[in-house]
Every structure is written in C-alpha cells, then in structure tokens.
Amino acid sequence: MTPGMFPTRQADLALTPPRALGDGPRDAPSPGAAPPDAGPADTEAETDAVAETETDAVAEASASAGLEASGAAVDDADADVGGVLLDGVVKRYGTQTVLDVPRLHIPHRSFTVLVGPSGCGKSTGLRVVSGLETPDSGTVMINGRDVTTTPPGGRGVSMVFQDFALYPHLTVEQNIAFSLRLEAKHDRRGGPSRAEIARRVTDACEMLGLQPLRRRRPGQLSGGERQRVGVARAIVRRPGVLLLDEPLSALDAQLRQHARAELIRLHRELGNTVILVTHDQLEALSMGTHLVVMKAGRIVQAGSPSDVYRRPAHTFVATFVGSPAMNLHHVDVVSDAQGSRLTAAGMWATVPTAIPLPRVRVGWRPADGTLEPFAAGRPSEPGLSVEGTVDVIEFTGDTAVVHGISQGAAAGRSAHDLPWTVVIPARQPAPAVGERVTVRVPHTHLHLFDPDDGHRLAEGAVG
Amino acid sequence: MTIIEAPASPTLRGRAARRAPGTGIRTRLAPWAYQAPVVLSLIVWVYGPLVFTAALSLLDWNLTSPSGSFVGLRNYRRLVEEPEFPAALSRTALYVLTMLPFATVVPMALAIMLWKRPGRTSDVYRSLLFLPVVLAPVATALTWRFILDPLSGIVNTVFGEIGLPQRDWLGDPSTALWTISLITAARFVALNMLLYGAALAALDRRAFDAARVDGATEWEITRHLVVPQLGGTTVLLGFLCLVFAGQWTFTNIAVLTQGGPVGATDNVYYRLYTYAFTFFDAGTAAAAAVTIVVLLTALFGASSLLRRRRAQS
Amino acid sequence: MRSRDPGLAALAGPAGPPAPPAGRDSPPDPPDRTGLPGRGARSGWAGGARGAGRHAVLALTAVGVLFPLLWGLSGSFKPGTDVFDANPLPIPATLANYRFALEDFPIARLLLNTFITAAGVTLLQLGAGVLAAWSFVRFSHRGQRVVLAMVTVALVVPPQALIIPQFLMISHLHLRDTFVGLVVPQLSTCALAVLLLREHIRSIPPTLLGAATLDGATHGETLRLVVLPLLRPALSAVAIIVFITTWNEYLWPALAAPSPEHTTIQMGLRLFSNQEGPDYGPLLAAAMLATLPVVAVYLLASRRITDAFLQSGLR
C-alpha cells in the first residue's frame with residue numbers, strides 16, 4: 001500500500017511547468033517503504049536508495065507519468081480499503097478559491113496533519129471532510145463510501161473544534177452524552193439505550209480523566225479540562241474519522257506538550273483515522289504519521305514527516321517546516337561533467353552532479369552545518385562553506401542558534417550580504433559576536449531548488 | 001446595511017458552518033416555514049395595508065358608506081392647495097429642528113460624562129435617565145397638562161415666584177409648539193444617550209492614553225478624539241430623529257392640544273389622523289399617508305446615496 | 001467561550017487546578033479602565049469643583065426628564081384642594097385619589113386588559129421572532145435577503161399610515177372591542193423583536209452550532225436544545241421591551257377597542273380625563289397607575305433592558 005497522497009499533477013503545486021531536467025516524481029515517494037502508522041521510520045539507506053532512484057530517473061520524463069498513473073490506480077484500491085479521499089474538491093467564497101485539491105488520500109488509521117500558514121485552506125479542508133461545508137465540485141469519500149451529499153451527522157465523523165464548542169448550559173456528562181441521546185431519539189429501536197449511553201459516557205470520561213468533573217459546567221473548567229471534554233464528546237460516538245481543528249492553540253505552552261502526547265496515545269488506543277489541522281509545524285512534525293503541507297488552498301507536499309523534513313519539495317516547505325528555517329541562498333553555477341561549483345558572496349560549494357542552470361537556490365538546515373573557526377581558502381571535499389561574521393547568538397538551553405552574515409565581495413555593499421543561521425550543540429563553546437567563522441555543510445545535506453519557482457531539483461539533493 | 005459578509009472572513013465561514021448541507025424538499029422549505037409567521041404578519045398588517053392606503057388615496061370615501069368613488073389625484077391636489085397640510089409639513093420640520101439638538105448634542109454630552117467614570121453612580125444615573133423611554137406617553141402627557149396648567153400649574157407658580165414670564169404654555173400659539181417639542185425631547189435624550197453609550201463602549205481607548213502621555217487635556221481629548229469618532233452615530237441618530245420626531249409628538253399633540261391652538265401644534269401625522277377620524281375623509285387621509293411615506297423613502301434614498309458616495313471617496 | 005486558563009492550570013498539570021466554587025468562573029477581572037481619565041482630584045465623582053459640576057448637570061437632567069413622573073406622583077397623593085400646592089412633598093398624604101379612581105372607573109379592569117394585551121403581543125412577537133431570527137442565522141437562502149429588507153423597512157413605516165386599513169379589517173371581522181382585535185394587529189411592530197433576537201443568535205459562536213449539527217441535531221433540535229437555553233437572557237430582555245412598548249401603546253387601542261370596558265389603560269386614561277374634567281387628583285392617580293407598573297418592571301431589570309438595546313448594535 002503506497003502512501004499515495006502525493007500531488008500527482010504539476011498544477012497541484014501552483015508552479016511553472018517543469019524544466020527540461022526530467023526530474024522524477026515531485027515529492028519524495030517512499031514507495032512501499034514505511035507503512036503509514038509506523039511513524040518516522042526512514043533510514044539513511046532508504047533515503048539514499050530513493051536518491052539513486054531519482055538520479056537514475058533523470059532522463060526518464062515519462063517515468064513520472066507512469067508513476068502517476070500507477071499511483072492513481074493503487075489509490076482507487078485504497079479508497080475501498082479505508083481512509084478519507086478528497087477527489088477534485090474545489091471550494092470558493094465569492095471570487096476567491098480557498099481550496100483546490102485534485103486528489104488527497106488520507107490513509108486509513110493514520111494520524112494525518114494538515115499544516116500550513118493561515119488561510120491555506122486546511123481548516124476548510126477539514127470542514128469539507130466533516131460535512132459542515134459542501135465543496136463546489138468534487139467528491140468526498142470516507143472508508144469507501146461517497147459522503148459528499150451526506151449531512152454531517154451521518155458520516156461517521158467527529159470533530160473537536162478550536163474553541164472546543166462545549167454546550168455552556170449542559171454539564172460535562174450531558175455534553176458528552178448529547179449526540180448519543182439524539183441518536184437514541186432519532187432511532188428508537190436501533191439507537192443506544194440509556195444504560196449503554198451511560199456506559200459509553202463513563203468510558204470516555206475514564207479515558208480522558210474526566211470522572212471527577214462530570215457534574216461541572218464548562219464555565220467551571222480550565223482550558224485543558226475543556227479540551228478534554230471536547231475530545232471526549234467526539235470519541236464517545238466511536239467515530240471512524242476524528243477531526244481536530246487546531247486543538248492545542250487555546251492551551252498554554254506547557255499544557256500543550258502534555259496534550260500532544262495525550263493525543264498520540266489516544267490515537268493509538270482508538271485505532272481510527274485522525275486528521276488534525278494546525279499552523280504549528282512543530283506539532284505537525286511531532287504528532288503526525290503523515291503530513292500534508294498546504295498553501296493558498298493547494299497541497300504543496302504530502303508524505304511522512306521525515307520525508308517532508310528531509311526532502312522538501314519546494315522552498316516553501318523547506319522554510320515552513322523545521323525551526324529555525326532552512327537557509328536558502330541564490331548562487332551562481334559553473335558546471336561540468338564532474339560536478340558543479342556554486343558561488344555567492346562569502347560562500348562556495350561543490351556538488352558532484354551537473355546542474356544545467358546558470359543560477360540555482362541552495363538550501364541547508366541550520367542543524368546540518370558545523371561551525372569552525374575561520375579558515376581561509378576553499379575546502380577540498382564536496383560540500384558547502386560559508387565565511388562570515390557572527391552577528392547574534394541565541395542561547396536556547398540544549399543548543400545555541402548562531403546568526404551570522406557573510407559580507408558581499410565589495411566591502412560595505414549590504415545588498416550582497418548573505419545572512420545565515422546555524423545551530424550548534426551546547427557543549428560546543430559559542431563564538432563571540434563579531435568573530436569570523438566558517439560554516440561547513442556536507443554535500444549530502446544540501447538541497448537544490450529552482451531559482452525562479454522554488455521547486456526541488458533532483459540532482460545533488462540527497463539530504 | 002450589510003447582509004452578506006465579505007468572503008474569506010471568519011464570519012462567513014461561520015455562517016457556512018451553520019448551514020447544514022443536504023438537498024431535498026424538507027431543507028429547502030425549512031427557511032420559509034420558520035419565517036412564515038413574521039412574513040405573514042408583515043404582509044397582512046403592514047404591507048397589505050400600505051397598498052390599500054395607496055389605493056384608498058385615489059378614492060373619496062367617508063369610512064361608513066359601502067364604497068367610495070374614484071377621484072384620481074383630487075385628494076392630493078387638495079392636500080397641496082389647502083393651507084393645513086403644507087402648514088403641518090412646515091411645522092413637522094420645525095419639530096424636527098427643535099428636537100435635533102436634544103437628539104444629538106445633549107445625549108452625547110451626557111453619555112460621554114457617564115462613560116468617563118464607570119461605576120455604580122454612573123449606573124444609577126444611566127438607569128434613571130433612561131426612564132423616559134419607558135414611561136407611558138399618555139400618562140406623561142396628562143401629567144404635563146397638570147404641571148403646565150396656566151392658573152395653578154407648578155411651572156407658572158414657580159416662574160411667578162422667581163420672576164420669569166408666566167404663560168398659557170399649551171394654549172398660546174407662540175409657545176405651544178416649543179412646549180410640545182420640549183416635552184417630547186425627553187424621550188430622545190433618554191434613548192439616544194443609551195445609543196451613544198453603546199458607540200462609546202466600542203471605541204478603542206488606548207489611543208486616549210497615548211494622547212494623555214503626549215500631554216493632551218481631557219477636554220482636548222474629548223473634543224478632538226472622542227467626538228469625531230461619534231460622527232457616524234450622530235448622523236444615524238439625527239436621521240432617526242427626522243423619522244420619529246413626528247410620530248413621537250403625535251401622542252402629546254393628541255392628548256394636550258389636539259393640533260391647536262389654531263393649528264399651532266399640528267404636524268403631518270396628526271393631520272392625517274384628523275382627516276381620517278375627525279372629518280372622516282379617508283381619501284385625503286390616505287393621500288397624506290402616502291405623501292409621508294414617499295417623503296420618508298426619498299429621505300432614506302438620499303441618505304444612503306450620500307453614505308455610498310462617502311464610502312467611495 | 002475562550003478558555004481563560006490561569007497559569008496555575010499548567011503548573012498543576014493535566015489534572016487541572018482545584019476547581020473554583022460551583023457556579024462561578026475565575027474571579028472577575030477588575031474593570032478595564034484603559035484610556036479613561038485616571039482617578040484623582042481633578043476628575044472623577046468625588047473630586048473638586050469639576051466633579052460637583054458634573055454631578056449637578058446629571059442630577060438636574062435627571063430631575064428634568066423625570067419631572068412629570070415625580071411631580072405627578074407627588075400630586076396624586078395630595079388631597080383635592082392641595083393638589084396644586086407648590087410643596088414637592090405630599091404632606092398630608094392621602095390615598096383618596098387612588099380610591100376614587102379605582103372605584104369610580106374600571107381602572108382595575110383596564111389594568112387587567114392592558115396586561116393581557118401586552119402579554120399576548122409579547123408571546124406572539126417572541127414566538128414569531130425567534131423562529132424568524134433563527135432562520136436568518138441558519139440558512140443563507142437568497143429569499144432571506146428580501147425578508148430581512150421587509151423587516152427592516154417595517155421598522156420605519158409610520159403606524160399612522162396603516163391604521164385606516166387595519167381599522168377597517170378589524171371592523172369588518174367584527175373584532176372591535178375584542179382581545180384578538182387588540183393583540184393580533186400589533187404584530188405589525190414585530191420588526192424590533194426580530195432584529196434584536198437575530199443579533200443575539202448571531203452572537204452564539206458558530207462552532208457551537210456546528211458541533212450540534214455534527215452531533216446529529218436537526219435544525220429544530222439545534223434551536224430547541226442549544227440556542228434557546230443560551231438565549232434566555234436575551235429573550236427576557238426582548239420580552240420586557242415588547243411588553244413595555246405594548247403597555248404604553250395608545251393609538252391602536254383607541255381605535256380598536258374604544259369602549260371603556262374593553263380598552264387598555266392608556267386609552268382609558270383619555271376617557272377618564274374627558275369625563276372628569278380638570279379634577280387632577282384622581283386623574284394623576286390614574287396616570288400613575290397607568291405608568292408605574294412598567295416603571296417597576298424596568299427598574300428591576302434595567303440592566304438587562306439596556307444591555308438588550310446595546311446588543312442590537314448600530315450598523
């Protein structure tokens with residue numbers, strides 16, 4: 001079963017048509033590798049294998065099309081198995097398109113996180129799945145059933161809202177029992193009995209530690225307690241799909257960490273499909289088994305958290321996921337059969353692959369760079385070197401974040417200054433402000449992106 | 001008045017959230033079912049009568065005979081040619097003008113005074129000052145007749161003591177209109193003070209703190225920062241005064257002066273009432289009603305045009 | 001609805017802080033005095049000449065707008081010959097005027113009529129208003145825009161323009177001097193109730209209504225189980241406003257129920273004043289009886305009423 005939730009069409013990324021590089025599939029397919037709920041399980045070997053696949057596929061432009069087709073075919077099979085499928089879903093408000101998803105498959109039993117900046121359409125996507133919004137076109141399938149026209153109550157879906165949306169005039173147990181009582185009323189014969197309702201409410205309360213609070217009203221609860229009631233209310237219906245709309249944003253920072261672990265544990269116990277929406281990339285990376293990065297209503301990249309982190313498909317993903325953000329530099333390229341040399345102010349890099357472009361954008365994560373005292377001259381091994389001056393140092397406990405600047409070739413011209421950030425472990429003594437230093441990044445941790453539209457180039461990007 | 005919010009605002013998403021999807025007869029009929037009582041009431045008791053009145057204005061009828069005769073625009077001509085209606089129209093304008101300061105400046109000042117000092121004292125004042133909206137107009141009017149009695153009413157008694165002129169306030173053509181105006185003004189002051197209070201509560205007060213740090217005095221802050229922000233409210237309340245001044249004076253006129261003396265306190269609404277129930281001239285009364293509604297609509301249209309042009313610039 | 005999570009909650013961990021006393025949330029924050037003139041001798045009620053000046057202005061205004069009520073109240077307790085006495089306090093006070101008014105005129109009956117009429121109109125307008133307001137908020141049907149316009153325009157249509165046809169309708173249906181004739185046409189003023197209730201329903205967080213839908217509630221169930229309980233304070237405020245407005249209504253009862261046994265007290269007052277001539281004592285007593293009940297209701301609920309007016313929002 002492939003985690004076939006990658007965007008399979010150029011249009012999905014809102015990018016220009018591909019360059020004549022014949023690069024492989026847009027994202028990082030880990031074909032048949034990690035099963036969805038195994039979590040970030042990428043190994044170095046696997047990544048290298050993928051890279052080799054991509055490098056080999058340089059000349060095979062048609063391969064990507066083939067992969068797309070087969071991917072689509074497999075996904076239809078997935079639709080029968082389970083999970084959530086959005087097919088051709090478009091949602092507009094007036095003239096503005098807020099959601100445009102040609103295809104999104106959320107694997108069965110996964111903990112999928114929709115992440116992106118405000119207004120990227122992730123909440124809309126969630127609401128389309130829940131049924132609170134109807135798409136202007138496209139279909140929604142849940143566990144193989146077409147629910148596009150099914151009202152929200154009948155989709156087997158539960159939702160926890162950002163503000164928890166507890167009924168303020170009901171007690172905690174009445175809040176939790178609300179949906180079950182409605183179900184009993186609508187379905188006199190087949191619905192849950194009073195005893196069963198009581199039992200399920202108690203189960204939910206126990207699972208979330210709410211037993212001592214059953215008789216309270218929401219106004220008497222703290223934020224963390226309210227969140228748990230919201231979750232209890234959602235799970236008491238035993239939903240096949242549990243939706244969470246920024247459930248942690250209303251909590252204090254310390255509570256948030258605890259709540260994150262609780263949600264992961266809950267997913268494990270319930271074993272259903274969870275879709276969580278957040279704008280916090282840290283939550284996305286730490287909680288999800290599957291990540292969907294969105295921007296401006298479209299899916300930019302989908303994959304396991306480690307895939308997205310290590311092989312961002314676009315500069316947007318590269319800078320959005322991971323903190324501090326990836327360093328990105330525009331560089332000039334001189335290329336020959338052995339490899340390419342990349343230069344910019346205060347910066348040199350060599351990569352062992354040929355890049356048929358005059359300019360490129362190179363990226364490296366702050367944690368992948370090592371800080372060394374200033375050493376003149378260019379290094380011999382492939383990789384990147386940056387010379388610069390330390391500007392600001394942020395001490396964060398376990399690490400230090402060092403912000404530096406590389407001067408332009410002509411002194412005093414700030415237009416060519418190159419700012420960068422590197423993270424050093426606490427045991428390494430921090431440099432002094434103003435000190436000249438060199439940062440080195442091995443070529444295996446470099447990412448290459450198209451300088452104009454930002455999409456990932458296959459060559460040389462092995463990180 | 002915006003009914004549909006702009007797209008991409010959280011409110012619209014919320015609105016869509018309230019809408020439960022689903023096609024089918026039940027869902028499509030539901031809105032009409034919920035609105036039926038109000039819609040029916042309005043059609044039967046407001047819009048139907050409006051249409052009927054418009055038709056009636058073309059007839060000559062005295063409310064008792066089985067039917068009236070069609071006379072075309074004769075009723076309207078009579079309205080214009082006979083002096084009573086135009087005079088009532090100009091007096092209505094006078095009522096509006098005299099009450100405008102009581103609908104704008106006075107309540108604004110009171111509201112600002114209360115707003116600057118939140119606390120129990122202000123709450124008590126606010127409750128008391130709002131009372132005129134709640135008092136029964138008829139009872140109040142009768143009490144005023146008692147107070148303004150030319151011979152022994154307390155007003156004349158006190159005025160006599162302190163040397164102010166004593167008049168037959170309601171019976172003297174030169175004072176009657178102003179008296180009615182003042183009596184009605186109390187309601188405007190009370191209601192508008194509350195509405196200004198609402199507008200003041202919505203202001204962002206941090207800017208005032210900034211001004212204070214910059215050295216502005218309280219009066220300067222009030223005059224240059226607070227009052228300008230109440231401009232929109234003032235325009236709205238002025239407009240409401242225009243619309244309701246005539247109606248609110250109606251009861252006082254009916255109870256106290258019946259339009260007199262010699263038509264000194266007449267206004268268009270009372271004229272309408274007189275045409276209908278004193279002279280039993282339903283046609284002319286209807287013509288007066290139509291004229292009033294047309295004038296009000298024209299005023300509405302002009303004001304929304306102005307508002308739209310202001311919004312554009 | 002926003003969680004006011006005190007820092008303590010995080011420290012106490014997932015179990016949460018010790019619960020606040022039942023029925024109360026965290027202690028109320030001190031009133032927000034941002035931007036208002038600071039307390040001090042120069043401003044504020046207590047201080048100095050300026051403070052006294054403001055007190056004077058407000059007190060005088062209060063007396064001015066309430067003067068008829070106060071003077072009428074005092075006069076109603078004065079015996080016949082003293083009724084014009086300049087003394088503001090009724091000494092000696094007497095109940096003779098009230099006795100006279102109640103005995104010689106069916107004031108009690110009029111009060112009852114007025115109460116029934118006002119209650120009837122209130123119930124009808126609230127019922128119709130809640131349904132319509134709910135529909136405005138829940139559905140975004142295109143026709144709703146038309147209905148909303150209808151309601152808004154109805155606010156400013158002068159009642160005098162409508163009384164002739166309304167009067168004729170009632171007459172032809174032989175409903176003059178009946179409660180039906182008094183109550184039903186007064187539905188024409190439901191616009192205020194509809195708009196006020198609409199604003200209040202709009203202020204309910206949409207996620208709450210979405211949660212109810214997800215829980216499987218139909219439109220009617222959401223209205224009954226979620227919206228109405230939350231609407232209780234607004235409903236009572238709007239009810240009080242409608243009740244008071246109907247209680248004070250004069251023109252329609254004068255036309256629809258002119259006979260003294262069936263009319264409301266406002267119209268009854270007119271008849272009373274015509275009959276009794278300028279005998280002010282009993283007249284004032286009757287006027288006080290006509291107005292004091294709602295004043296009492298208002299004073300008990302004044303906060304709620306002013307809040308309801310404020311919530312309607314100036315758009």
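Within every chain, numbering begins at 1; the chains are lettered A, B, ... in the order of the sequence lines, protein sequences first and strands thereafter.
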Most heavy-atom pairs under 4.5 Å with chain C, out of A:Ser179, A:Gly209, A:Ala234, belong to A:Ser179

Counting only N and O atoms by type, is there a donor-acceptor contact under 3.5 Å from the side chain of C:Glu221 to the main-chain atoms of C:Thr218? yes

Run the side-chain contact (heavy atoms from CB on, under 4.5 Å) test on A:Thr278 and A:Asp245 for me, step by step, so that the C-alpha distance in whole Å, both residues' side-chain angles and the decisive distance to 0.1 Å come before the verdict. CA-CA 7 Å; A:Thr278 181; A:Asp245 190 356; over 6 Å; no

C:Arg145 to C:Phe136 six-membered ring, cation-pi geometry met (6.0 Å, 45°): no

Rounded distance (nearest 0.5 Å) linking atom CD1 of C:Ile116 with atom CG of C:Leu111: 11.5 Å

Between A:Arg217 and chain C, which part of the residue has a heavy atom less than 4.5 Å away: side chain, backbone, both or neither? neither

Contacting moiety of A:Tyr167, where chain C heavy atoms sit under 4.5 Å: both

